[in-house]
Amino acid sequence: MNDDARKKIVVTGSLGYLGRTIVPALRRQGHEVHGLDAVECPDDPCFTRIDFLRPDETRKAFEQIGPFDTLIHLAAIAHHQKIEGDYDECTINVEILKNVLDAIPSVDHLIFFSSVAVYGEESHASPVSASAALHPASRYGEGKKRCEELIRYAATSPCVDILRPAPVYDSDHRVDLSKRVYMPCLKLKMSMYPSPRYSFCHIDTLRDRVLERVANGWNGIRCANVADPEAIGQRELSRQFPGIAVPVIVPILFPFYYLMKGMPGRVSYKVRSLFRKLFTDNIYDLATIEQVRDEKIK
């Protein structure tokens, strides 16, 4: 890599599941990568341990790094991660991003990791475009939605990429895949008829998209879903997991869905969104769309 292409990059959440793949890949390409995380990494001289919920500590960490070209923001509380106190993943993830944006100097390129969890029941008419309405069913998805709004309102970077990965997996991390195989709570293995198709994102697919984005900036805000090129059918997925599968005839379940649809409230919406996620196609359009900066945070 020549010096003109080599960049100084900061990755927040560098020791998480995604960061442990993305940081080495960037370094192999010759970039200077500085990692920030809440856990210790004593063997990396380009790493700083910080508490992102402390504004002064966050600001000091970025001051020590000095000017840089690209920020990749991965730091977040994961979906359903246990949290002490009165906070949830929505509140914490928005606060982490706010502290980071307040602390960073002018940076040419911001890459933010959102999630397909920002979509909701109405968005599951496949394939789901990155321009679909955002109506998340979970507090995690709500947090990612608010973070996107904060970025469109507050980020000063001339180039902003918002990436919404489908459930990420590799050979050692298949929990999100198993959620489409085993009936919630009952742990009953299912084989569905007809077989819905799902989009997932292998971590190598996500890594390659990040490397592509780092190499090809532009002027504006762009948003894209990130997933493997080919979706997978539920029955094919079910065969990859142990156990005897119970046939599930999907059409006979829809009366329950329509019954819940007639009931107002957040709980009903969450159940309907879960139903659509399990029993209907969840395929994501991978086209990149251009977005506008918000005039205010909604």
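We count residues from 1, following the sequence as given.
- Remark: R180 fails to qualify as a cation-pi partner of F241 under the 6.0 Å distance and 45° angle criteria applied to the six-membered ring.
- Ring planes of F254 and Y258: tilted class, angle from 30 to 60°.
- Evaluated for a side chain to side chain contact (heavy atoms under 4.5 Å, CB included) with S157, the options I221, I111, V107 yield exactly one hit, V107.
- With 3.5 Å as the limit, one finds a donor-acceptor pair spanning the side chains of T205 and D228.
- Partners of A154 under the side chain to side chain contact (heavy atoms under 4.5 Å, CB included) rule, at least two apart in sequence or in another chain, are L101, L150.
- Listed for the T12 side chain is a donor-acceptor partner under 3.5 Å among the backbone atoms of L74.
- Ring geometry, F112 versus H73: the interplanar angle falls under 30°, so the pair is classed parallel (tilted spans 30 to 60°).
- Looking at Y284 and R164, their side chains never bring a donor and an acceptor atom within 3.5 Å of each other.
- Looking only at atom types and distance, the side chain of T280 has no donor-acceptor partner in the side chain of R197 under 3.5 Å away.
- The salt bridge (Lys or Arg N to Asp or Glu O under 4.0 Å) search around E212 returns none, not counting sequence neighbours.
- Contact check on E149 versus K145 returns a salt bridge, with a Lys/Arg side-chain nitrogen under 4.0 Å from an Asp/Glu carboxylate oxygen.
- Geometrically, R235 engages Y193 in a cation-pi contact defined by less than 6.0 Å to the ring centre and at most 45° from the axis.
- With rounding to the nearest 0.5 angstrom, the OG1 atom of T48 is 6.0 Å from the CD atom of Q64.
- The side-chain heavy atoms of L110 and T156, taken from C-beta on, include no pair separated by under 4.5 Å.
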